[in-house]
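Note sheet for the following structure.
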Amino acid sequence: METLHCFLFDVCGIKADWKMQDVLDEEIKTIQNMVGPDEHVICALSGGVDSTVAATLVHKAIGDRLHCVFVDNGLLRYKERERVMSTFESDLHLPVTCVDASEQFLSKLKGIKDPEQKRKIIGREFIAVFDDFAHELEQMIGKRPEYLVQGTLYPDVIESCPPPGSGRTHSHTIKSHHNVGGLPKDMKLKLIEPLKLLFKDEVRKLGSILNVPDSFLKRHPFPGPGLAVRVLGDVTEGNALEVLRQVDEIFVQAIKDAGLYDIIWQAFAVFLPVQTVGVQGDQRTHSNAVALRAITSEDGMTADWYYFQHEFLVDVVNKICNNVRGINRVCQDITSKPPATVEWE
Ligand code: XMP
């Protein structure tokens, strides 16, 4: 860092006068010049940092000609839809349509156990829902939306550049958004990527200037396929999803109460389709087991498991077994990445 500092400021003589507020002002101007006065823009919100900051910025530039959609795929966490929608509407005043597609997703996932197949089905359904949304919007506003907002970050741009000498050309393709699983080809939308020169920490700073609440900016990453990759096997079996939501909420809330949320990269529960014998009250039980996973990481590419204090774990396990019906055993995942991945599926 010192060498780079000397090179940039002493040798090259450049100035460190770059401000996030200037980036915001410039981006707003660029979007206002790009999107004509009768043109409309759509954006799929995942509830994550990038799409939320991108949408908030575009909304500041063009107001309600931005149309956002948030899809409840039935695979969201405890009260996530209510929490996320209330922030979108009350705090950020974003024009968001919430589509409840949970039946549609869950009926397609019924009986499916293979992780890859589950992901593919979810990707396909997202496309279908998004397509319907775009068509309904067209009926409403009387014309096709022309632009699509993507929360592409600088690392995504770097990754799309071929290595020198590889013979490949730079192809600026639409990043296949995890949550929408790629977009219908016939939509022919032009892209608005207001974050494409920023890194994640800079997006958080920008979000903070835009008054995106900290609860959003500091949220742990959540995979596009949602709880489907955290209920092993068939997600529709029994009330696995509901049980997982309750366990996950207890675990994450305990982490927040202990002041650990911001130092942990990701923490979540996994529903195991395994029944074990237990004893609860005076009764012998034959119920499901869950696993708890908490990791620290810089970028999700590698990760270490987080070492909790003994008392913390005792308390969490008691809370889970006393409050969640159908769970009599709690395991902790103490595997780093590699060899394990962060998610179990
Ligand atoms: P893995 O399990 O690959 O996870 O070690 C690394 C990071 O990526 C997230 N993840 C996903 N995110 N769609 C997403 O949007 C996905 O299909 C997906 N799979 C994993 C995971 O939560 C972790 O942060």
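Numbering of ligands and ligand atoms starts at 1, following listing order.
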Take atom NZ in K143; do more than 12 heavy atoms of anything else shown fall under 6.0 Å from it? yes

Going by the order shown, which atoms of ligand 1 are within less than 4.0 Å of some heavy atom of T341? 1 (P), 2 (O), 5 (O)

Transitively linked via ILVMFWY side-chain contacts under 4.5 Å: V229 with L75? no

Atoms in ligand 1 with a heavy atom of E343 nearer than 4.0 Å: 2 (O), 20 (C), 21 (C), 22 (O)

Would you say R119 has any N or O atom under 3.5 Å from an N or O of ligand 1, going by distance alone? yes

Based purely on interatomic distance, does P225 place a nitrogen or oxygen under 3.5 Å from a nitrogen or oxygen of ligand 1? no

Parallel, tilted or perpendicular: which fits the ring planes of Y261 and H220, with parallel below 30° and perpendicular above 60°? parallel

Could you tell me whether ligand 1 has any atom less than 4.0 Å away from a heavy atom of H220? no

Under 4.0 Å to a heavy atom of K337 - the qualifying atoms of ligand 1, by number: 1 (P), 3 (O), 5 (O), 6 (C)

Using a strict cut-off of 4.0 Å, indicate which atoms of ligand 1 neighbour a heavy atom of G300. 6 (C)

How about F126 and F133: are their ring centroids closer than 6.0 Å? no

For ligand 1, is any non-hydrogen atom under 4.0 Å from M301's backbone (N, CA, C, O), its side chain (CB onward), both, or neither? neither

I need the H286 NE2 to T276 OG1 distance, nearest 0.5 Å. 7.0 Å

Using a strict 4.0 Å threshold on nitrogen-to-oxygen distance, state whether D248 and R77 make a salt bridge. no

